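Computed from a prediction, not measured in an experiment: that's the story for all the values here.
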Amino acid sequence: MLAEDSVLLREGLVGLLDRCGHEVVSAVADAPALIAAVEEHVPDIVVTDVRMPPGYQDEGLHAAVRLREKLPALPVLVLSQYVQRTYAAELLDSGDGTGVGYLLKDRVGQVEEFVHALRKVADGGTVVDPEVVRQLLRRRRDPLEQLTPREREVLALIAEGRSNGAIAKELVVSEAAIGKHIGNILTKLDLPPTDTTHRRVLAVLTYLRA
């Protein structure tokens, strides 16, 4: 079962898997179709991208996590261009931790390497790209340790409900400098790209949990 929104890549993978002796029972382009196809075909393994319609955020990976919740023994191999750390951790922790993989497209150097990973996951093994491991390990550390002392100070004032102008006055710096600090904080805390107000709230929650 293959889920990939890029037509060229999807058709290329279908052809590749066919040449390697694997039958693709269904190839879909979005997360709802992925869930429906798995329920219909009950495949031996699911290969899915992370970013897919309708939102092009983490729909594919989220769908994979939901599928593993319903079918813990369903092998899932994620093949993506980037690491979505939250759901990646959930996917790798799903079921009993077997039959799951997460590979980065740019780091799969050879066809044989991909096919080997596919077979290993289908057989109940676990395959994780070293870069995914590195980022997940970083995630498990104190999220605030990446912040500079000044950025921690700014975040503490945000947690007190201060506006950018009030923080600038408190620290005797320009409001533009505070805006830059806040941008750095949101980036370092790996907060999702939603509206700025929501991200500030998430940053405060991270600060309070640390």
Are there more than 12 heavy atoms of other residues, nucleotides or ligands under 6.0 Å from atom NZ of Lys105? yes
At what distance, to the nearest 0.5 angstrom, does [atom1] of [X] lie from [atom2] of [Y]?
| X | Y | atom1 | atom2 | result |
| --- | --- | --- | --- | --- |
| Asp30 | Asp49 | CG | CG | 12.0 Å |
| Ile185 | Thr148 | CD1 | OG1 | 7.5 Å |
| Leu147 | His181 | CG | NE2 | 11.5 Å |
| Ser80 | Met52 | OG | CE | 10.0 Å |
| Leu155 | Ile182 | CG | CD1 | 9.0 Å |

Ignoring hydrogens and angles, tell me if any N or O in the side chain of [X] forms a donor-acceptor pair with the backbone of [Y] under 3.5 Å.
| X | Y | value |
| --- | --- | --- |
| Glu170 | Ile167 | no |
| Asp129 | Glu131 | yes |
| Arg68 | Leu74 | yes |

Under 3.5 Å, which donor-acceptor pairs link side chains of residues 32-42 to any protein atom two or more places apart or in another chain?
none

State whether Glu153 and Arg150 are salt-bridged, where the test is any N-O pair (Lys NZ or Arg NE/NH1/NH2 against Asp/Glu carboxylate O) under 4.0 Å. yes
Under the rule for ring-ring contact (aromatic ring centres under 6.0 Å, His included), what residues qualify as partners of His22, not counting sequence neighbours? none
Which pair of heavy atoms, one from [X] and one from [Y], lies closest together, and at what distance?
| X | Y | value |
| --- | --- | --- |
| Pro43 | Met1 | CG-CB, 3.4 Å |
| Gln146 | Lys188 | NE2-O, 3.1 Å |
| Val121 | Pro75 | O-CB, 3.5 Å |
| Val76 | Ala64 | CG1-CB, 3.8 Å |

If you apply the rule side-chain contact (heavy atoms from CB on, under 4.5 Å), what do you find for Leu77 with Leu103, and how did you get there? CA-CA 8 Å; Leu77 175 60; Leu103 297 178; 4.1 Å; yes
Using side-chain contact (heavy atoms from CB on, under 4.5 Å), reason through Leu91 and Val78 one step at a time and then give a plain yes or no. CA-CA 9 Å; Leu91 178 66; Val78 172; 3.4 Å; yes
With sequence neighbours excluded, tell me which residues meet side chain to side chain contact (heavy atoms under 4.5 Å, CB included) with Glu175. Asn164, Ala168
Any chain of hydrophobic side-chain contacts (each under 4.5 Å) joining Leu79 to Val111? yes
Looking at residues at least two apart in the chain, or sitting in another chain, which of them share a side chain to side chain donor-acceptor pair (under 3.5 Å) with Arg162?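 Expected list: Glu160.
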Apply side chain to side chain donor-acceptor pair (under 3.5 Å) to Arg51 and list each qualifying residue two or more places apart in sequence or on a separate chain. Tyr82
What side-chain donor-acceptor pairs closer than 3.5 Å can you find for residues 5-12, not counting sequence neighbours?
unit_1 : atom_1 : unit_2 : atom_2 : d
Ser6   : OG     : Leu9   : N      : 3.4
Arg10  : NH1    : Glu4   : O      : 2.6

Beyond-backbone contact of Leu17 with Phe114, side-chain heavy atoms, under 4.5 angstrom: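 Answer yes - side chains close enough.
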